[in-house]
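All values below were derived from every heavy atom in this structure, side-chain atoms included, with hydrogens, water molecules and symmetry-related copies excluded. Every value quoted in this text rests on a predicted model; they were computed, and no experiment measured them.
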Amino acid sequence: MDDADEIILLTVKDLGCEVEHNITIKEFDADIFYKCLIQYLKAINADKVSNLTATIPKNMSARVNTSIKESWMPYFCPFTKRIPGNYSTARLFTTGPVKIPARGRQVKVTPGLEYYYINVLPPVTLQPQRADDIAPSVFEYNLSVFADTQEREREWSERGVSSGLSPVEYAKQKQRGVSSRMDDSIRSALVDGGVGLEGRRGNGGVSAGLTLDDIIGGFSGRAGGEDMNEFARKMLFTTEQGEQTDSGAAVASGPKETEEERLEKQRQELDELQSSLTAAVDEIAETNRDMEEFMQLLRQLEADINEEDGRRGDLEKQYKIKKKTFALLDNADENLKQLQMLCQQSSAALIEMAGEWERVRRPIVDKFRALRDERANQNDEAKSKLERVKEMRALIKKLIAEIRAKEELFGQLQETYKNAPKDTNRSMYTRRILDTVKNIKKQKVDIDKILLDTKTLQKEINTITDSAVRAFDNVKDILYADAKKDETAKLAIKSFAVIDEKFQSLLLAIDETGTYQNNILTLTSKIDHISQKTNTLNSDRVLNDLKNIKTDNQNLIKQIKTRMAANKSSTAE
Amino acid sequence: MSDISLDDSICIFEKDTNNDVLMTWCFPTIEDSIRNVVLNRSGLKNDSVNAQFNFSKYKNSWIYLYTISIPAQKDKDESIVIPDTLKKVVLFTICIIRNVYNPEKYGTLAQIMSNIYLKTGDPSKLLECHLRAVNRGQFDVGALGKFVDADYDIRRSYLATSIKDIIKLFDEQSILIWNAMMLKKRIVIYSDKISPLLKVIRGFPLFVFHRQNWSLLRPYVTVDEDEIKELVNNGVYVAGFTDPSIKSREDLYDLLVDLPSKEITVASHAKDQFLLSSIHKDILKLLLTSIDEEVEEPMSDQAVMKALTIKVKELLVKLESLKVEGDDGKSMVTLKSLQERKLPPGMDTFLFNVANVEGLNNQ
C-alpha cells in the first residue's frame, strides 16, 4: 500500500465513511466510491446534497454507464487513433463495465432479488385477499383491454383511414373534439345548475357564487329526479347523527329537564339559527346584487373607455391632418396642385406595382392550386389504394379459410396414406406399367403392319376381280359374235353359262367355309380356355375321389346294415 | 374625404375546387386576427354562405363582405365568361375593411368590385377603383356599376331600418329593448338567418338615438373563441349570432332576443335591472301608440325617435335636479339620496343607472 493511498483512506474515514479496515484503494468499487463521493460533497456543502441518497435512480445509472463506455482518448492523441473502431488504441482508454449503485427493479443485478421473485414472492394469483375474484377480474380486465383495442381498430379502419390523417393526428383531433364537447357540456351545466339552484332556494335572491358542490349537486339532483342532491343528503345524514349524539349527551347530562323544556329550548335555538341564517342569506344576496351592479358598471366603463380610445385615435389623426394642412395653407393653391400631383403619381405607381405584383401573384396561386390538385389526386389514389388493401384483406381472409380447408384435407389424406399398406412396391408397379405400355406399343406396330397387308391384299383382290370380270366380258362378247355363224359356239355359250353358274356356287361355298372356319377357330379357342379352366380343377382327381367316396359309402352302408341286423337280433333276444 | 384610414383594406378570399380557402389578394395589409375573423364570418370554410352581403365589426374595424358563387352566376346567365384566373374558383368574397359604419355605401362598393372581379379576374382593377374612390370620391365602370361617394349619407344608413318595424315585431316587449339600450346592457340577438338579423340589429340604436352610437353593434359574431373574447372585452355590446348555442351562454348577455320565436328573455342575473317603473310605462305607451294603426295620423319614424329623445331629455333634466352634494364636494346622483326620496319601487335604481350611463356623475 502506498503512502498516498493510506492518506486518502484516512481522510475518507475521517469524513465518516464506513470503510472496511484492511481495504486498499485498488479494492474500491463503484459502491464505495460513490459513498465516499457523497461524503465529500457533504463536507463541501451539506445543504445542496442533503437530498442525495446512497443509490441513484436506475435510468441515471444506465446513462452514466453508457457515457463511460465511450473511450476517453486524451486530446493529444492523433485523430486517426481516436476513431472508436480503432480498437488497438481505443481499448486502452476504455473503462471496463462498472456497477453503479442504482435503485429500482434490477432483478438480475440485485443479488437475491431474482431468487425472491421466483421462490418467495407468492404468484399473482395468491396475492389478493379474495382468490375467488381473481379469475373474473383478470378476465374482465383482459376483456376490457381487448374490447378497447378492438373498438379503436374498428374506428380507425372505418373512419380513421378515410380521414387521410396519420393515426397520431387522428387521435389528437379526436381528443380535441371530445374535450371541446366536454367544455360545452360543463358550461351549459353551469348555467343550468345556476338556474336550478336558484329555483331550489326559492327566494331568488342568490344568483352568483356557484360552488363546485352546487354544480355536482345539480348534476346528481337532476339525474335522480329529486330535489335533494347526494351531497346534501350526505350532509343531512351526518348532521342528523351529530344531533342525535348531541341530544343523547344532553339527556345524559341533564336528566332533570323535562321533555317540554328541552323541546322549547331546542325550538328557540332553532329559531335563532334560522333568523341568523336568513340574515346571512340576505346579506349574501345583497352583496351579490351589488357585485352584479358593479360588474355592469365596469362593463359600461370599459365600453366607454373603448369608445373614447377610438375617438382619441380619430382625433389624433384629424389633428395630424389639420396640422399638415395648416402648414401648407400659406401657399394653398400651389400646394394643392402639388399634392394632387403627388397623389396621382403615387396612385399610378401603385397601380403599376399592382400589375407587376399580379404577374408574380398569379403563377404562385396557380401553382398552389396545381399542387393542391395533385395532392387531392394523390389522396384519391391513396384512398383507392386503401380500398384495394381492404379488398385484399378480405381476399386474404378468404384465402386463409381456403388454406385451412386444404390443410384439413391434406391432414386427412396424410392419415389415409399412413394407414395404407406399406409393402406395395412402387417401382415394381411402375415397371409393370412400363412393360404393358411397351407391349401395347409393339402390338400397335403389329396391328399397323397387318392393316397394311390387308390393304395390299384388298388391292390385289380388287385388281384380280377386275381383270377376271373384264376377261369374262371379253369371252362373252367373242362367244356371242361367233354364235351367229357357228353352231358349236352356241353350245360353248351354254356350257360357258353353266361354268359361270358353277363358279358362282363355288365362290359361295368358299365364303361359307371361310365363315365356318372362323367359327371353328373361335370355338376351339373357347374350348381351349374352358379346358384350361377344367384342367385347373383337376377333374380326374375329382372323379377318382368321387369313386373312392362312393366305394366308401357302400362299405359304410354295408357295415350299418350288419350292425342293424345284429341289433335286431339282440333286441329280439 | 375625412374617413380615410390606414386600417382600410380590401381583400379577396377565394374557395377553389379543392375546397381550399385562400386569401389570394390584399391591399395594403390585413392583420392575422382580423383575417381569421373574416374567414369565419364569410362562411367560406364550412359551405354555409347564407347571405350575399353581410357586415360585422371586430375591434374597431367594420367588415363588409360580399360573396359571389360562380356556379350560381353561371346558372343565372349562361353567356357569362369566366376569366382564366377564376376557372378553379367556386366562391369568392370581396372583403372591405373600414373604420366607419355605412353598410349601404360599402355594400354597393363591394358589389361593384365583385362584378369587376367576376368579369376580369384581375385584382389590380379593384385597386384602381379603390384609389379612384379615395382620390375623387367616385368612379364609373359602365355596365358594371357606378359609385359616387357623396350619395351615401351616414344618416340614411342610421335610418335604414324603421324603428316602428321593430316595435311591431316585439310589441310590448319593446320596452325591454329600450330599457336595455338605455342602461347600456349586453344584448344578444339570435336568428337562424343572417339577413333578418342584420336588418333588425341595426335598428336597435334607434331607441337611444340621442347617443347616435352605432359602434357598440356587433352585427354578426360567430362562437369562435377569439371572437367571443373580443366581444367580452368590449364590455357592452349588441351582438348578433346565428349559432343557437349562444342561447345557453347566459354569461354573455343580459337580454336575449330570439328573432325566429319573437321572444325576449332577461338573463336571470340581470332581473333586478329590468324592474319596470312608471317611466317605462310612459315610454311603452309612446311606443305602442306609434304603431297604433287606428290613429288618424300615424307617427313617422322620425317622430317616434324625436318623442323618445324628448322624454329622455326630460328625464335627464329631472335627474339633474336630484343631484346632491357628494362626499368629495361634487354634485352627483347617489343611490342613497334617491332611496331617501321614497320613489316607487324600481324607480330609484333605474334613475341611478341612467345617471351613471348618461355620465351625469362624471362631470
Ranking A/V365, A/D314, A/N306 by heavy-atom pairs under 4.5 Å to chain B gives rank one to A/N306
Subject >> side-chain contact (heavy atoms from CB on, under 4.5 Å) between A/Q296 and B/V236, intermediate numbers included >> reply: CA-CA 9 Å; A/Q296 296 273 353; B/V236 179; over 6 Å; no
Report task. Any chance you could lay out the side-chain contact (heavy atoms from CB on, under 4.5 Å) test for B/D254 and A/R299, step after step, and finish with the verdict? Result -> CA-CA 12 Å; B/D254 302 314; A/R299 277 199 286 269; 3.9 Å; yes
Residues pairing under side-chain hydrogen bond (donor to acceptor under 3.5 Å, both in side chains) where one sits in residues 344-357 of chain A, two or more places apart or in two chains, turn out to be A/S347-B/N135
Rounding to 0.5 Å, atoms CZ (A/R187) and CG (B/D251) come to a distance of 7.5 Å
Whatever's closer than 4.5 Å to a heavy atom in chain A on B/Y237 counts as neither
Checked A/D184, A/I364, A/L350 vs chain B; the most non-hydrogen pairs under 4.5 Å come from A/L350
Cut-off 4.5 Å, heavy atoms of chain A, and the answer for B/S215 is side chain
Rounded to the nearest 0.5 Å, the CG atom of B/N356 sits from the CD atom of A/Q300 at a distance of 7.0 Å
On a heavy-atom basis, the closest approach of B/S124 and A/A354 is CB-CB, 3.8 Å
Whatever's closer than 4.5 Å to a heavy atom in chain B on A/R361 counts as side chain
(message) More than 12 heavy atoms of other residues, nucleotides or ligands under 6.0 Å from NZ of A/K324: yes or no?
(response) no
Exercise. May I ask you to check whether over 12 heavy atoms, not counting those of A/Q175, lie within 6.0 Å of atom CD?
Key: no
Check this for me, if you would: do B/K88 and A/D366 make a salt bridge, where the nitrogen-to-carboxylate-oxygen distance has to be below 4.0 angstrom? no
Greatest number of non-hydrogen atom pairs under 4.5 angstrom with chain A, of B/N213, B/T24, B/L183, B/N353, falls to B/T24
*asked:* Under 3.5 Å, is there a donor on one side chain and an acceptor on the other for B/N234 and A/E302?
replied: no
Between the CZ atom in B/F352 and the CD atom in A/E293, the distance rounded to the nearest 0.5 Å is 7.5 Å
Okay, B/R132 and chain A: the region with an atom under 4.5 Å from a heavy atom over there is neither
One should read off an interatomic distance between B/L131 CG and A/I351 CD1, to the nearest 0.5 angstrom, of 5.0 Å
inquiry  = Set out, in order, the CA-CA distance, both residues' side-chain angles and the distance that settles side-chain contact (heavy atoms from CB on, under 4.5 Å) for A/E358 and B/D122, then state yes or no.
reply    = CA-CA 8 Å; A/E358 195 53 24; B/D122 183 0; 3.6 Å; yes
Okay, B/L216 and chain A: the region with an atom under 4.5 Å from a heavy atom over there is neither
**Prompt:** Considering residues, nucleotides and ligands other than A/D333, do more than 12 of their heavy atoms fall under 6.0 Å from its CG?
**Reply:** no
Side chain to side chain contact (heavy atoms under 4.5 Å, CB included) filter on B/S245, not counting sequence neighbours, yields B/V223, B/D243
Looking only at B/V232, B/T17, B/N233, B/N60, the option with the highest number of non-hydrogen pairs under 4.5 Å against chain A is B/N233
Q.
Would you say that more than 12 heavy atoms from the other residues, nucleotides or ligands in this model lie under 6.0 Å from the CD of A/E283, or not?
A. no
Practice prompt. Taking atom NZ of B/K119 as the centre, report whether more than 12 heavy atoms of other residues, nucleotides or ligands fall under 6.0 Å from it.
Written response: no
CE of A/M353 to CG of B/L127, rounded to nearest 0.5 Å, is 9.5 Å
* Tell me, with the steps shown, if A/K317 and B/N99 meet side-chain contact (heavy atoms from CB on, under 4.5 Å). => CA-CA 13 Å; A/K317 227 180 292 165; B/N99 56 359; 3.7 Å; yes
_Quick test of your reading of the model: are B/D20 and A/R369 salt-bridged, counting only N-O distances below 4.0 Å?_
no
